[in-house]
Amino acid sequence: MRPPELIKISPVIWELPVSYKTGMRVPARIYATEKLIDQMDSGVFDQVSNVAMLPGIVNYSFCMPDGHWGYGFPIGGVAAMDTDDGVISPGGIGFDINCGMRLMLTSLTYDELKPKLHKLVDKLFNNVPTGVGEKSRYAISKSDFRKVMINGSRWCIENGFGWQEDLLRTEETGCIDGADPSKVSDKAVERGYHQLGTLGSGNHYLEIQVVKRESIFDAKTAESIGIFPDQVVIMFHCGSRGFGHQIATDYLRVFLKAMPEYGISVPDRELACAPFRSGVGQDYFSAMKCAINMSFANRQMIAHQVREVFADVFGVSAIRLSIHQVYDIAHNTAKLEYHDVNGVRKRLLVHRKGSTRAFGPDMEGIPQEYKKTGQPVIIGGSMETGSYLLSGVKSGKQTFYSTTHGSGRVMSRKQARKQFRGKELQMRMEKEGIYTRSVSYGGLAEEAGKAYKNIDDVIDAASMAGISHPIVKFLPVGNIKG
DNA sequence: ATGTAC
């Protein structure tokens, strides 16, 4: 359903000019192949051009190749705002603040895993709380949770839930500066303090994956990261649970009320925003950072539980099994970054909603060990089709160093439930060598591979456009989900 | 995504 006004800039870049809609301050750019652009719902074109109307937006309103309709902004949306006269918008970050991915390696080969796969997946399913409303296995007081809001993953490491090196291999070393718990409602704390180390539901999952020799695209980089053929790896996807959700809800309400006071009008209530420099804008920014830190800590606690389960099932310590983390990266955030805009270095608030930061080689803010290769980008595909590790590249400058975050839905959850049967899907996957455990069959059906775009198409588009570089593809063999 | 509705 592409609009006739859509201009093809290159085989993988499409533009809606400012003339497309009254009020657009910048053009909108969608990264997609012909095939992917035709798979995008009309909501993408509508929303990406709405975002182009927001005050202070710089260069373009972007949508990544996995883009689809979302709350206000498209999922796959990127919008960099001028920090002097621009806005901050919860819809540009997502309800699940710091939803993100973590990738961990093992020294195990697929043959070593096979006899224990069922036991491993069952034990992960029993140990990592999975599903809506599930609570943490750890008793964490509200005063400890306050420390988590401020210190993120660092709190976990200090309390024995992980390894020091995990911090170095986490975006922001697992703790973003400037989190202020006084800006977070009691209700959010009430929902969040017992959610550390829980997976959640929907498309949140934990997967055991295998490296196929033929799916290593950049052997040199893969080897330098510690990846080898037939290796077993662990990937998971989750965020800040009810905690971040409540913070987003709280501030959307505040912003809706504040907008007229600042003279801001938006084409869609879901684009509620406030000037970044305003009191409420800064309050949300500081509260959102608490959710960013909570989410890093959540994934750290899951990583800890994963190591425990592996050690238990294989009867060898996690250190002996070399369960080292590759990286942990968010795909739902707004962050202050310095970028070159028409030759001038400017401080921007980069909203990435279902989009992954992909800093190129030598850039500040990526771990020393990845300075040469570029920042690792972890892409979760559907549970049937596989996932990717990419790296950031120099030419990522065009999108403020942002790329895709996953496959992107082509079918609504409702539609998927109608079209697929969870039980059948589980049996078919089992036959294909993928053992899944899920809280509900309906939930499983929503995540069917065919409900998503083809992950290879999405990665090809991102690669062709020069916004990230494929290193390796992983194939799923075990999966737990909410 | 979410104690799937304020």
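The sequence lines fix the lettering, A, B, ..., with proteins before strands; numbering per chain opens at 1. Remember, predicted model here, so these are calculated numbers, not experimental data.
Residue A/E134 is out of contact with every strand shown, counting any heavy-atom pair closer than 4.0 Å. Looking at heavy-atom distances under 4.0 Å, A/K135 makes no contact with the nucleic acid at all.
Protein atom CE of A/M294 is 10 Å distant from nucleotide atom P of B/dT2, rounded to whole Å. Going from atom CG of A/N332 over to atom P of B/dT2 covers 11 Å, rounded to whole Å. Put simply, CG on A/N298 is 10 Å from P on B/dT2, counting in whole angstrom units. Rounded to a whole Å, the CD1 atom of A/I75 is 13 Å from the P atom of B/dT2. Per the geometry, CD belonging to A/Q246 stands 10 Å off C1' belonging to B/dT2, to the nearest Å. Per the geometry, CG belonging to A/D250 stands 16 Å off P belonging to B/dT2, to the nearest Å. Here the C1' atom of nucleotide B/dC6 and the NE2 atom of A/H245 are 14 Å apart, to the nearest Å. With rounding to whole Å, A/Y71 atom OH is found 17 Å from B/dT4 atom P.
Considering only side-chain N and O atoms, A/T249 lies nowhere under 4.0 angstrom from the phosphate OP1 or OP2 of B/dT2.
Position along DNA chain B of the nearest nucleotide to A/V132 versus A/G202 favours A/G202 as the more 5'-ward residue.
Side chain to side chain, A/Q305 and A/R137 meet the donor-acceptor criterion of an N or O pair below 3.5 Å. A side-chain N or O of A/H405 and one of A/D66 form a donor-acceptor pair less than 3.5 Å apart.
The salt bridge (charged side-chain N to carboxylate O under 4.0 Å, His left out) test applied to A/E270 returns no partner, not counting sequence neighbours. The side-chain contact (heavy atoms from CB on, under 4.5 Å) test applied to A/A258 returns A/Y262, A/V280, not counting sequence neighbours.
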